[in-house]
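Following: one structure in structure tokens, then a few remarks.
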Amino acid sequence: MQGGWRGAGLAAGSGLLMAFGQAPVGAWYLAVPGLAALIWLTTNAKTGRAAGWTGLFGAAAYFAASLSWLVEPFLIEIKVYGWMAPFALLGMAFGLALFWALAALVAWRGRQRALWFAVSLAAAELLRGYLFTGFPWASIGHIWIDTPIAQLAAFGGAPGLTLLTTLAAALAVGCRPTAMTAAALLLAGSWGAGLLMLAQPGPAAPGVTLRLIQPNAEQSLKWDAAQADVFFRRQLAYTAVKPAPDLVIWPETALAYSLERDPQLVGIIAAAAGTAAVALGLQRQEAGLYFNSLAVITADGGITARYDKHHLVPFGEYVPFGDLAFRWFGLKAFAAQAGFGYAPGPGPVTLDLGPKLGRVLPLICYEAVFPQDLRGTARADWILQITNDAWFGKLTGPFQHAAQARLRAIEQGLPLVRVANTGVTAVYDGRGRATATLPFGVAAYLDAPLPGALPPTLYARYGDVPVLVLLAGLCVVLLARGKRAAA
């Protein structure tokens, strides 16, 4: 690449600056200049090859810093898996960086390179949310989640926020007064529009009280036989506190025991809950397959609803070609404690929990990262995410995960209830505002009212289609302007 290691260092520095925009820092005022610097370095490269290398190193630094929590699962059993941590992080960082490198190559061939990079980068970010099962974590648009600009996700989702960001940064690259003013107006106008949306009156609450239980089960102890009993009894005790709510919620894989082997557990949990229903995460077995599931236990000891996670974490919950991987290398999925990995469920579902609790769209852990996992089913009254973020450490991972869940609430206009093993446990309204939270990393429970639902948003109705149309339109405009300039 142009400039050799010096150029690579400048590109990496720009990427590192961008990473400060991700949760929990949320410094968008550093991320936007960092992106503008990377666009400048890329579009001023002397060759297309140099542009690609610039995009690659800038993106790799950005993803390595943003996804630093990826090393945490390997440290749970550090003697067995610790050596894999740096390879996993760097492999993921450079793998995702290929999307940006491709965008840089495409942009360099255009006449208005900065704007072309803004469009191609936004398209690349959209693509990586779907390709190879998808991984949209640390999307550029996520830098706005703690700001009023996030409200625009109701129209274009995270891809729309990303396109807004790349266009603003590209306009600022040339430092021309007109373009700089346009960039400032774009962001200021978006901020103002978000404030107006936040100022609108909210819907009436349905009068439902939920109890969110955070057992704070340390991952290294979660499956220990003696500690599993401690965590189980802790959750039972929180469940039994009077007065009873309408629904008690335990986090992902909160039940360390198998209902197939210990069916009496359903009655024990129902007795503790009294008049309340209990939604809890568990592992279940059927026809020789194992599932990461959510089940709803009613007051009479029956199981009336169940959901099996369908969007599984590669190498975390299943290993591609798992039988061969175990036979040849002894590899099995980290999170699955039964068998060598989970089987996927049939897909998204809406669970009808009755006239008072209404229809709920369940998400288990990683599924909240994917906006497409909230489509393809009947519209719910609220969203429920259960998760075990103890895998992600205590610094960045759980907070980035929760931030993305908040964005799902804004995109859909639906309240989202998030119950995590160690945190972040919270209730968000349909505009992504936290209405109730538990402190991170403590064992506790929280009784909170369920907020009301907003009308379906544009994004809830059409998904990424409006952004795809906008990207296509921008490409047509840039191509036309390029032809006129060449004439």
- Message: Check for me whether the distance between the ring centres of F155 and Y459 falls short of 6.0 Å.
- Response: no
- Task: State whether a side-chain donor-acceptor pair under 3.5 Å links E252 with N292.
- Result: yes
- Query: Does the side chain of D464 pick up a donor-acceptor pair with the side chain of Y130 at under 3.5 Å?
  - Reply: yes
- Message: Under a 4.0 Å threshold between the charged nitrogen and the carboxylate oxygen, would K356 count as salt-bridged to D381?
- Response: no
- Ring centre gap for F440 and F399 strictly below 6.0 Å: yes
- Please identify each residue that fulfils side chain to side chain contact (heavy atoms under 4.5 Å, CB included) with Q227, with sequence neighbours left out. L221, D224, V230, F231
- W250 versus I386: any side-chain heavy-atom pair under 4.5 Å? no
- Is any side-chain N of the basic residue among D246 and R211 closer than 4.0 Å to the acidic one's carboxylate O? no
- Query: Any side-chain heavy atom of T435 sitting closer than 4.5 Å to one from P451?
  - Reply: yes
- What are the two closest non-hydrogen atoms of F370 and T133, and how far apart are they? CE2-O, 3.6 Å
- Message: Between L121 and T162, is there a side-chain heavy-atom distance shorter than 4.5 Å?
- Response: no
- Side-chain donor-acceptor pair present, E367, H310, cut-off under 3.5 Å: yes
- Is R128 close enough and on-axis enough to F99, meaning under 6.0 Å and within 45°, for cation-pi? no
- Message: Aromatic contact between W100 and Y62, with the criterion being ring centroids under 6.0 Å apart: yes or no?
- Response: yes
- Message: Does either side chain, that of Y366 or that of E317, offer a donor lying less than 3.5 Å from an acceptor on the other one?
- Response: no
- Side-chain donor/acceptor of T457 to backbone N/O of A460, under 3.5 Å: yes
- Query: Do T304 and T298 get their side chains close enough for a donor-acceptor pair, meaning under 3.5 Å?
  - Reply: no
- Residues forming a ring pair (Phe, Tyr, Trp, His ring centres under 6.0 Å) with H401, sequence neighbours excluded: W137, F392
- Is there a donor-acceptor contact under 3.5 Å linking the side chains of N216 and T422? no
- Salt-bridge present (K79, E77; N to O < 4.0 Å): no
- Going by heavy atoms in the side chains, are V71 and P86 under 4.5 Å from each other? no
- Heavy-atom pair with the smallest gap, counting every atom of A453 and L414: CB-CD2, 3.6 Å
- Considering only NZ, NE, NH1 and NH2 on the basic side and carboxylate oxygens on the acidic side, decide whether R408 and D373 come within less than 4.0 Å. no
- Under 3.5 Å side-chain donor-acceptor pair for Q400 and W69: yes
- 4.5 Å side-chain heavy-atom contact, S293 and Q283: no
- Message: Between V349 and L351, is there a side-chain heavy-atom distance shorter than 4.5 Å?
- Response: yes
- Message: Assess, by modelled atom type and distance only, whether the side chains of T147 and W28 contain a donor and an acceptor separated by less than 3.5 Å.
- Response: no
- Query: Are N421 and Q214 close enough that some pair of their side-chain heavy atoms sits under 4.5 Å apart?
  - Reply: no
- Message: Please give me the minimum heavy-atom distance between A409 and L416, naming the atom from each residue.
- Response: CB-CB, 4.0 Å
- Can you tell me how far CD of E411 sits from CD1 of I383, rounded to the nearest 0.5 angstrom? 9.0 Å
- Message: For Y81 and F74, I'd like to know if the aromatic rings sit close, meaning centre-to-centre distance below 6.0 Å.
- Response: no
